[in-house]
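Since the structure comes first, as structure tokens, the remarks are kept for the end.
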Amino acid sequence: MFSIKVKTLTREILSLAEELGLKAVPEYRTPDGTRIDVAVLKGEKKLVAIELEASFKWFPQRLLYDVVKAHRAGFPELWVVTQFRAKQGWIEDYVKELGIKLALIGPDEVPKKLKDVTSTSGE
């Protein structure tokens with residue numbers, strides 16, 4: 001098991017995004033007033049919403065809320081950085097219905113995924 005150091009990981013994401021020519025916005029405020037832990041943008045284009053979930057408590061409910069926030073804010077992709085990787089049943093089906101790409105990942109996977117997003121974001 002690993003623990004997620006939220007502030008450290010947020011700083012790492014911000015730094016790496018800048019190196020890659022992207023903009024990472026911590027505590028991104030959505031139009032409806034919710035907050036996404038880190039939003040990754042390329043110019044004005046929304047690439048990925050990143051939520052950092054360090055706790056198991058109420059995980060399915062938090063995951064569902066994260067999905068709804070990302071969808072309503074217009075992000076095509078959501079990464080939930082967590083140590084909890086169990087299948088989420090109907091929530092995963094709901095994510096597919098919404099058309100969002102969801103990934104439950106560990107903190108060590110973030111740099112590679114961010115580099116991959118840069119190479120596939122076009123423009």
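Nothing fancy with the numbering, it's 1 onward along the sequence.
Cluster note: Ile36 groups with Val25, Tyr28, Leu41, Phe75 through ILVMFWY side-chain heavy atoms spaced under 4.5 Å, whether in direct contact or through intervening members.
Cluster annotation: Val48 is connected to Leu20 through the hydrophobic network of ILVMFWY side chains, with a link wherever side-chain heavy atoms come within less than 4.5 Å. By the rule that hydrophobic residues join a cluster once side-chain heavy atoms approach within less than 4.5 Å of another member, Val80 and Trp90 end up as members of one cluster.
The salt bridge (charged side-chain N to carboxylate O under 4.0 Å, His left out) check on Lys96 picks up nothing, with sequence neighbours excluded. In this structure Glu27 satisfies the salt bridge (charged side-chain N to carboxylate O under 4.0 Å, His left out) test together with Arg35, sequence neighbours excluded. With sequence neighbours excluded, the residues satisfying side chain to side chain contact (heavy atoms under 4.5 Å, CB included) with Glu109 are Arg85, Ile105. Listed by chain and residue number, Ser55, Arg62 satisfy the side chain to side chain contact (heavy atoms under 4.5 Å, CB included) test with Lys57 (two or more places apart in sequence, or in another chain). Lys46 is linked by a salt bridge (charged side-chain N to carboxylate O under 4.0 Å, His left out) to nothing, counting only residues two or more places apart in sequence or in another chain.
Between Val117 and Trp79, the shortest heavy-atom contact is CG2-CZ2, 3.8 Å. Nearest heavy atoms, Val38 versus Ala24: CG1-CB, 4.0 Å. Taking all atoms of both residues into account, the shortest heavy-atom contact from Tyr65 to Thr34 is OH-CG2, 3.4 Å. For Leu47 against Glu77, the heavy-atom pair with the smallest separation is O-CB, 3.6 Å. Listed here is the closest heavy atom pair of Val67 and Ile100: O-CD1, 3.8 Å.
In this structure, Thr8 OG1 and Leu52 CG are separated by 11.0 Å, a value rounded to the nearest 0.5 Å. The structure places CG of Leu22 at 4.0 Å from OG1 of Thr118, a figure rounded to the nearest 0.5 Å. Rounding to the nearest 0.5 Å places CD of Glu97 at 10.5 Å from NE2 of His71.
You'll find the side chain of Tyr94 reaches within 4.5 Å of the side chain of Val68, heavy atoms only.
Few gaps surround CD on Glu92; more than 12 heavy atoms of other groups in view lie less than 6.0 Å from it.
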Margin query: Could you walk me through whether Leu63 and Leu104 satisfy the side chain to side chain contact (heavy atoms under 4.5 Å, CB included) test, starting with their C-alpha distance in whole Å, then the side-chain angles of each, then the deciding distance to 0.1 Å, before giving a yes or no?
Written below: CA-CA 10 Å; Leu63 179 62; Leu104 301 180; 3.9 Å; yes
Margin query: As a quick check of understanding, evaluate side chain to side chain contact (heavy atoms under 4.5 Å, CB included) for Glu12 and Leu9, giving each step before the final call.
Written below: CA-CA 5 Å; Glu12 290 172 4; Leu9 185 55; 3.8 Å; yes
Next item on the list: Test side chain to side chain contact (heavy atoms under 4.5 Å, CB included) on Leu64 and Ile91 and set out the steps.
Entry: CA-CA 6 Å; Leu64 180 59; Ile91 295 173; 4.3 Å; yes
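Judged by distance alone, the side chain of Asp66 and the main-chain N or O of Glu51 form no donor-acceptor pair under 3.5 Å.
If you run side-chain contact (heavy atoms from CB on, under 4.5 Å) between Ile50 and each of Asp37, Leu78, Val81, only Val81 comes through.
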